[in-house]
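Everything numeric in this text was worked out from a predicted model, so none of it was measured. Both counts, for ligands and for their atoms, begin at 1 and track the order of listing.
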Amino acid sequence: MPSPLSPFIITSEHELRTHVQNWRAKDETIGFVPTMGALHTGHLSLIHKAKQHASKIVTSIYINPTQFTEGEDLSTYPRSETKDAELLHNAGCDLIYIPDGSLYGPDHATSLHVGGAALGLETDYRPHFFGGVALIVTKLLNRVQPDIAVFGEKDYQQLLTIRRITSDLDIPVEIYGAPIIREDDGLAMSSRNRYFDEDARAIAGQLNLIMRTCAKTISETGEIKPATETAINALLTAGFTSVDYVSVADAQTLEILPHTLGENLARLLIAATCENVRLIDNCEIKT
Ligand code: PAF
């Protein structure tokens, strides 16, 4: 028996294009939220944001292999499509695109070299990542052809990189960022948070407080290094197994500010691992 949600889920590029063309013929505007599924309230906030700027909303669920590398969690990435569909339906999403099979043909031979804000930070630790994100986001934007697309500020470097790509490649879409949605203790919502056991979850919950304290100290003193060093020590003391970076960067270019704040807005960005789960988070530094 077909699921009551099945008309709302499509799997083929042809169906996707037909729906979008029909909407366009009725002067609807199209908003797009790409995801890898395992949805939570943070994703739903992206749908709400998209609904503020477009009349029909498409969400894709696709676990993109090109942004994972060996040893990462591609095969175990959480999947919950039935629950995802229900959440999206209730959030007012109009269409869920879950491609059947790989979006990369057997002869796929194109890669994208990304620069600008993609350099440094995540790229120092996951050099494959933004090339993979650039490919899939470009492919999905070409398939959906939305007027606007929404990405979360939790992946702040990803958001800036996607803005760069769409601008550089003349993809006619407006990119919106949506604020980070947090759990009660401040942990940024993430599909990977479901990997935590109780003890690790308690450790992870301390990241936000350490990050806020660091950002406050920097905004009060203007000095970066002592505050970021203190934050690294605090993370390790709290039980994080390793810290990839605690860095301050220009909020627009992501150029690293090693010593003092400049004239422009700055962002504090952190990546740290807690019991095999790598967390990223970021916040504005008030001036
Ligand atoms: O942020 C994500 O969930 C993914 O990187 C994205 C943008 C859906 C591309 O696979």
Side-chain angles (χ1 to χ4, degrees), residues 13 16 31-50 57-69 72-81 83-85 87-88 91 93 95-99 101-104 108 110-112 114 117-118 121-123 125-144 146 148-167 169 171 173-181 188-195 254 269 271 277-282:
E13 182 181 354
L16 172 68
F32 179 46
V33 178
T35 79
M36 298 206 300
L39 303 183
H40 49 70
T41 312
H43 291 111
L44 302 183
S45 76
L46 308 183
I47 309 287
H48 297 312
K49 177 101 183 183
I57 309 303
V58 179
T59 300
S60 61
I61 298 181
Y62 179 66
I63 303 177
N64 171 39
T66 62
Q67 68 192 76
F68 291 78
T69 195
E72 293 187 340
D73 55 348
L74 174 61
S75 60
T76 55
Y77 194 84
R79 286 164 169 82
S80 52
E81 276 170 19
K83 179 150 179 269
D84 290 350
L87 288 171
L88 289 170
C93 175
L95 204 64
I96 313 178
Y97 176 42
I98 309 183
S102 175
L103 286 188
Y104 301 94
H108 183 97
T110 302
S111 56
L112 287 173
V114 283
L121 298 166
E122 283 303 286
T123 296
Y125 295 88
R126 306 181 71 206
H128 56 283
F129 181 70
F130 288 121
V133 168
L135 262 185
I136 198 61
V137 171
T138 303
K139 283 168 74 67
L140 288 167
L141 289 174
N142 284 337
R143 286 182 179 216
V144 179
I148 67 119
V150 185
F151 295 82
E153 285 183 357
K154 174 171 168 293
D155 296 286
Y156 191 78
Q157 193 175 7
Q158 171 175 276
L159 169 64
L160 296 189
T161 300
I162 288 164
R163 284 213 172 106
R164 181 80 270 141
I165 294 164
T166 52
S167 167
L169 300 183
I171 302 175
V173 62
E174 196 165 346
I175 302 296
Y176 286 91
I180 300 173
I181 305 294
M189 288 194 184
S190 161
S191 305
R192 290 184 170 109
N193 288 353
R194 57 188 85 183
Y195 293 149
L254 283 195
L269 301 106
V277 182
R278 188 168 179 278
L279 295 175
I280 57 170
D281 203 347
N282 68 85

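Residues L254 and L160 form a side-chain contact, since some pair of their non-hydrogen atoms from C-beta on lies under 4.5 Å apart.
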Dump all N/O pairs between ligand 1 and the protein below 3.5 Å as a table: atom names plus distance, one pair per row.
from: ligand 1; atom 1: 1 (O); to: Q158; atom 2: NE2; distance (Å): 2.9
from: ligand 1; atom 1: 5 (O); to: Q67; atom 2: NE2; distance (Å): 2.9
from: ligand 1; atom 1: 5 (O); to: Q158; atom 2: OE1; distance (Å): 2.8
from: ligand 1; atom 1: 10 (O); to: Q67; atom 2: OE1; distance (Å): 2.7

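Residues satisfying the salt bridge (charged side-chain N to carboxylate O under 4.0 Å, His left out) test with R126, not counting sequence neighbours, are E72. With sequence neighbours excluded, the residues forming a side chain to side chain donor-acceptor pair (under 3.5 Å) with D84 are S80, listed by chain and number. Listed by chain and residue number, D73 satisfy the side chain to side chain donor-acceptor pair (under 3.5 Å) test with R192 (two or more places apart in sequence, or in another chain).
The backbone N or O of Y97 lies less than 3.5 Å from no partner atom in the side chain of S60, so there is not a single donor-acceptor pair. At distances below 3.5 Å, not a single donor-acceptor pair connects side-chain atoms of D155 with backbone N or O atoms of I280.
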